[in-house]
Participant: 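Quick one: the structure is below, questions incoming.
First the proteins, then the strands, lettered A, B, ... as listed; each starts at 1.
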Amino acid sequence: MVPLNYYLILSAIVFSIGVVGVLIRRNLIVVLMSIELMLNAVNLTFIAFARHLGSMAGQVAVFFVMAVAAAEAVIGLAIIISVFRQTRTLDPQNMQLLKW
Amino acid sequence: MNAATVIFLILATLLVISSLMVVFLRRVVHCAMALVTALLLIAILFISLQAPMVGVLQVMVYAGAIMVLFLFVIMFLNPGVLEQPSVAWWGLAVVLSVLLGAFLVPLFSQYEPGDNPVTSTELFGSPDVLAKSLFGEFVLPFEIASVLLLVAIIGAVVLAKREHGSDGAA
């Protein structure tokens, strides 16, 4: 059986890659996809601990994270569409309407 | 090193590679395809961790529904112009993330798993057990999640609705 630490290290690496994506990309859709990647890294941690501790609570938590991620993706993409209608761009650096 | 560890290492390598492709590929559609690969690999990891129900849900909800939504928006908006890499932030962001990884990885390596893993029964992770846990102990969060999804539906419809003549060419 694979040790628990391997899964935790893998999910830490994937989470860090997701953070890189959120910070360096200048395309809102890719930023949203990087957030999905981070959520999945956390899900992997939940499932690994659920297996290790023999508890179903981790799997139920992943279920709820999936529901929140679906809602987040839908709302985020709707916001992206309406922002694109206004500004004709997907670059977050061009969205400075609230910037003083 | 037994067979399970070898398979895990192969899956982990593929997962890291596809995650890097999500972040570093230039075309948005290619990023989306790499993300689908990453999600499927995570689903395989779930199934190998005795969570078959969650793994199947992962394929259906993430790799199915959410990614189709992403692809629809990509095709709808058609962000054809390639973005310029933002050089000023590039170095700082990579350094910060490497620091985060360098903090998290030793933390998780040193974590003492404690006792031997609980010897689980055959039924662990089955839809039966998951449903009993979901509708028994966690029924209140389940209901709250349903309200959350309702709010998301209404919010998406209101946000994406076209206003009459106010936003011009859109």
Participant: Need one label for B:Y62: side chain, backbone, both or neither, based on atoms under 4.5 Å from any heavy atom in chain A.
Facilitator: side chain

Participant: With a strict 4.5 Å heavy-atom criterion, list every residue of residues 40-47 of chain B that contacts chain A, or say none.
Facilitator: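 The list, in residue order, reads B:I42, B:L45, B:F46.
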
Participant: Measure A:L10 against the heavy atoms of chain B and call it side chain, backbone, both or neither at under 4.5 Å.
Facilitator: side chain

Participant: Should side-chain heavy atoms under 4.5 Å link Ile, Leu, Val, Met, Phe, Trp and Tyr, which residues sit in the same cluster as B:L148?
Facilitator: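 B:L148 shares its hydrophobic cluster with A:V68.
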
Participant: Heavy atoms, side chains only, cut-off 4.5 Å: are B:V54 and A:F46 in contact?
Facilitator: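 SC-SC contact between B:V54 and A:F46 ruled out.
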
Participant: Side chain, backbone, both or neither: which part of A:Y7 has an atom under 4.5 Å from a heavy atom of chain B?
Facilitator: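 Contact with chain B involves both backbone and side-chain atoms of A:Y7.
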
Participant: At a 4.5 Å cut-off on heavy atoms, which part of B:L25 comes close to chain A: side chain, backbone, both, or neither?
Facilitator: backbone

Participant: Treat each ILVMFWY residue as a node, draw an edge where side-chain heavy atoms are under 4.5 Å apart, and state whether B:L49 and A:V65 are in one component.
Facilitator: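 As far as the 4.5 Å side-chain criterion goes, A:V65 and B:L49 are connected within one cluster.
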
Participant: Tell me, side chain or backbone of B:A38 under 4.5 Å from chain A's heavy atoms, or both, or neither?
Facilitator: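 Answer is side chain: those atoms of B:A38 sit under 4.5 Å from chain A.
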
Participant: Contact part of B:M53 toward chain A, heavy-atom cut-off under 4.5 Å: side chain, backbone, both or neither?
Facilitator: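 Contact with chain A involves no heavy atom of B:M53 at all.
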
Participant: Let me know if A:T89 has heavy atoms under 4.5 Å from chain B in its side chain, its backbone, both or neither.
Facilitator: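 A:T89 has no heavy atom closer than 4.5 Å to chain B.
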
Participant: Is the gap between the ring centers of B:F138 and A:F63 under 6.0 Å?
Facilitator: no

Participant: What part of B:L100 gets within 4.5 angstrom of chain A, counting heavy atoms only: side chain, backbone, both, or neither?
Facilitator: both

Participant: Which answer fits A:V62, side chain, backbone, both or neither, if we ask what part of it has an atom under 4.5 Å from a heavy atom of chain B?
Facilitator: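 When you check distances to chain B, only side chain atoms of A:V62 fall under 4.5 Å.
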
Participant: Does any backbone or side-chain atom of B:L57 lie under 4.5 Å from a heavy atom of chain A? Answer side chain, backbone, both or neither.
Facilitator: both

Participant: With a 4.5 Å heavy-atom cut-off, do A:L32 and B:F70 have their side chains touching?
Facilitator: yes

Participant: With the side chain counted from C-beta on, respond yes when A:L23 and B:S97 share a heavy-atom pair under 4.5 Å apart, and no when they do not.
Facilitator: yes

Participant: Output, in order, the C-alpha distance, side-chain angles, deciding distance and verdict of side-chain hydrogen bond (donor to acceptor under 3.5 Å, both in side chains) for A:N40 and B:Q58.
Facilitator: CA-CA 9 Å; A:N40 270 280; B:Q58 166 95 0; 2.8 Å; yes

Participant: Measure the CD1-CG distance between B:I66 and A:L77 for me, rounded to the nearest 0.5 Å.
Facilitator: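 That separation rounds to 9.5 Å.
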
Participant: Does any heavy atom of chain A fall under 4.5 Å from the side chain of B:A51, the backbone, both, or neither of them?
Facilitator: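 The answer is both parts of B:A51.
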
Participant: Who wins among B:V61, B:L69, B:V22 for the most heavy-atom pairs under 4.5 Å with chain A?
Facilitator: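 The candidate making the most pairs under 4.5 Å is B:L69.
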
Participant: What's in the same ILVMFWY side-chain cluster as B:I153, cut-off under 4.5 Å, chained through other members?
Facilitator: none

Participant: Tracing side-chain links under 4.5 Å among I, L, V, M, F, W and Y, which residues wind up in one group with B:V139?
Facilitator: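 Its cluster mates, by chain and number: none.
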
Participant: Let's test your reading of the structure: which of B:S19, B:G101, B:A12, B:A4 forms the most heavy-atom pairs below 4.5 Å with chain A?
Facilitator: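 Option with the greatest count: B:S19.
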
